[in-house]
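The figures here come from the full heavy-atom set of this structure, side chains too, leaving out hydrogens, waters and symmetry mates. Below, read A as the first sequence line, B as the second, and so on, with proteins coming before strands; counting in each chain starts at 1.
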There are 2 protein chains.
Amino acid sequence: MENYSSELDGLFQALADPTRRAVLGRLGHGSASISDLAEPFDMALPSFMKHVRFLEESGLIRTRKQGRVRTCTLERARFAMLENWLSEQRAIWEARTDRLEQLVLAKQEFLRHEQKRETDR
Amino acid sequence: MENYSSELDGLFQALADPTRRAVLGRLGHGSASISDLAEPFDMALPSFMKHVRFLEESGLIRTRKQGRVRTCTLERARFAMLENWLSEQRAIWEARTDRLEQLVLAKQEFLRHEQKRETDR
DNA sequence: ATTACGCTTAGCTATTGAGCTAAGTATTTT
DNA sequence: AAAATACTTAGCTCAATAGCTAAGCGTAAT
């Protein structure tokens with residue numbers, strides 16, 4: 001029962017490692033097998049596999065085994081969750097700006113009334 | 001001597017915690033003191049402080065102490081690093097699409113030649 | 001039928017992260 | 001001057017992460 005927040009946890013955590021980001025970059029060019037993916041890294045295979053599993057659990061990749069080869073594929077849709085979060089943050093900033101604007105507008109309104117009273121006097 | 005990659009590590013790591021994301025959300029509305037920020041969380045202050053320090057080290061917030069109060073401010077510019085990384089990934093995908101397009105175009109070209117030979121015959 | 005390949009499992013170590021309590025410091029407030 | 005406020009430091013626990021080696025297992029090649 002993963003909720004939105006804990007999915008974000010996993011997502012960001014998955015991205016917080018240079019090996020995993022490199023794998024994502026590689027998969028951006030197209031699917032690949034575990035050993036193809038592992039080849040550039042100076043790391044024991046079981047260690048590398050952990051990264052792959054982490055990526056899969058975060059939803060950023062899918063994997064499928066045929067025969068003795070496991071093929072990994074980028075799950076591009078998952079990146080939308082990141083964009084979403086960023087949008088939410090920006091929305092908050094915008095909201096703030098709006099309120100600032102309202103303050104400024106309210107002040108202008110106030111000043112207009114002041115001026116009006118000047119002329120009324 | 002932080003490089004681009006380890007800065008991304010810190011950035012994503014900072015975002016991989018719900019408390020820290022909540023703090024960023026709160027700061028999106030405007031700066032706040034440590035105790036104001038901590039108030040909604042059922043957590044000892046020193047524990048909360050660790051999150052604040054983590055956020056500061058990741059570059060996502062700045063803090064300044066005046067008297068006995070430390071005020072935290074969102075460093076919006078830092079979010080651009082996220083957007084950048086996302087763009088890079090998308091750029092990779094696009095590059096792939098381009099190559100696919102080239103394949104398709106090459107195939108169309110081939111078929112055109114085939115047809116031409118038909119008519120030539 | 002063997003051997004080689006491509007993972008996979010099990011289990012160990014060291015480091016880091018998230019939380020805690022207790023006690024300390026520096027500023028305000030009273 | 002004393003008390004209250006707002007952090008801050010020190011140091012502990014527990015769980016999770018990143019790495020390793022050694023050995024196992026199913027599939028493919030010879």
Side-chain angles (χ1 to χ4, degrees), chain A residues 1-3 5-27 30-74, chain B residues 2-3 5-27 30-73:
Chain A
M1 271 221 214
E2 287 256 74
N3 56 59
S5 181
S6 57
E7 283 188 38
L8 274 179
D9 288 0
L11 199 54
F12 282 122
Q13 187 84 43
L15 295 172
D17 179 281
T19 301
R20 289 192 292 258
R21 285 196 307 275
V23 168
L24 292 177
R26 168 72 178 70
L27 288 177
S31 300
S33 72
I34 299 280
S35 27
D36 283 356
L37 286 174
E39 192 268 321
F41 300 99
D42 185 19
M43 191 183 291
L45 199 61
S47 311
F48 184 79
M49 280 294 301
K50 282 198 187 175
H51 289 298
V52 172
R53 235 171 284 130
F54 206 134
L55 283 170
E56 190 169 17
E57 276 164 22
S58 78
L60 284 164
I61 69 171
R62 273 176 304 111
T63 79
R64 169 140 187 248
K65 191 156 186 178
Q66 301 178 69
R68 61 187 174 180
V69 177
R70 181 175 295 278
T71 305
C72 306
T73 311
L74 201 61
Chain B
E2 287 256 74
N3 55 58
S5 181
S6 57
E7 283 188 38
L8 274 179
D9 287 0
L11 199 55
F12 282 121
Q13 187 87 42
L15 296 172
D17 181 279
T19 301
R20 289 192 292 259
R21 284 197 307 275
V23 168
L24 292 176
R26 168 71 178 72
L27 288 177
S31 301
S33 73
I34 298 280
S35 26
D36 283 356
L37 286 174
E39 191 268 322
F41 301 99
D42 183 20
M43 192 183 291
L45 200 62
S47 313
F48 185 78
M49 281 294 303
K50 280 197 189 176
H51 289 299
V52 172
R53 236 172 281 130
F54 205 134
L55 283 170
E56 189 169 20
E57 276 163 24
S58 78
L60 283 164
I61 69 172
R62 272 175 306 108
T63 80
R64 173 145 183 245
K65 191 157 187 177
Q66 301 178 68
R68 61 187 172 178
V69 177
R70 180 175 296 278
T71 304
C72 305
T73 310

Any donor and acceptor pair, going by atom type alone, linking the side chain of [X] with main-chain N or O of [Y] inside 3.5 Å?
| X | Y | result |
| --- | --- | --- |
| B:R64 | B:T73 | no |
| B:R20 | B:A14 | yes |
| B:R26 | B:D36 | no |

Which listed nucleotide ([options]) is nearest to the side chain of [X]?
| X | options | answer |
| --- | --- | --- |
| A:R68 | D:dT27, D:dC7, C:dC7 | D:dT27 |
| B:S33 | D:dC7, D:dA18, D:dT21 | D:dC7 |
| A:M43 | D:dA29, D:dG19, D:dC7 | D:dG19 |
| A:P46 | C:dC5, D:dC7, D:dT21 | D:dT21 |

Rounded to whole Å, please give me the gap between [atom1] in [X] and [atom2] in [N].
| X | N | atom1 | atom2 | answer |
| --- | --- | --- | --- | --- |
| A:R64 | D:dT27 | CZ | C1' | 16 Å |
| B:L37 | D:dA6 | CG | P | 13 Å |
| B:E56 | D:dC7 | CD | P | 13 Å |
| A:D9 | D:dA16 | CG | C1' | 13 Å |
| B:M49 | D:dG11 | CE | P | 18 Å |
| A:D36 | C:dC5 | CG | P | 15 Å |
| A:R53 | D:dA18 | CZ | P | 12 Å |
| A:Q66 | D:dG26 | CD | C1' | 15 Å |

Sugar-phosphate, base or nothing in reach of A:K50, heavy atoms under 4.0 Å: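 Base: the residue A:K50, judged by heavy atoms under 4.0 Å, touches a nucleobase.
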
Touch class at under 4.0 angstrom, heavy-atom based, for A:L45 against every strand present: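 A:L45: base contact, heavy atoms under 4.0 Å.
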
Between [X] and [N], is there a contact of a side-chain N or O with OP1 or OP2 at under 4.0 Å?
| X | N | value |
| --- | --- | --- |
| B:R70 | D:dT8 | yes |
| B:S47 | C:dC20 | yes |
| B:H51 | C:dG19 | yes |
| A:K65 | C:dT8 | yes |

Considering all heavy atoms, the nearest B:S33-B:V69 contact: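 Smallest interatomic distance, heavy atoms only, reads CB-CG1, 3.7 Å.
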
Non-hydrogen atoms of A:R21 and A:L15 that approach each other most closely: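 What the structure gives for the nearest pair is NH1-O, 2.7 Å.
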
Comparing A:A16 and A:G67 on DNA chain D - which has the more 5′ nearest nucleotide: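 Result of the comparison: A:A16.
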
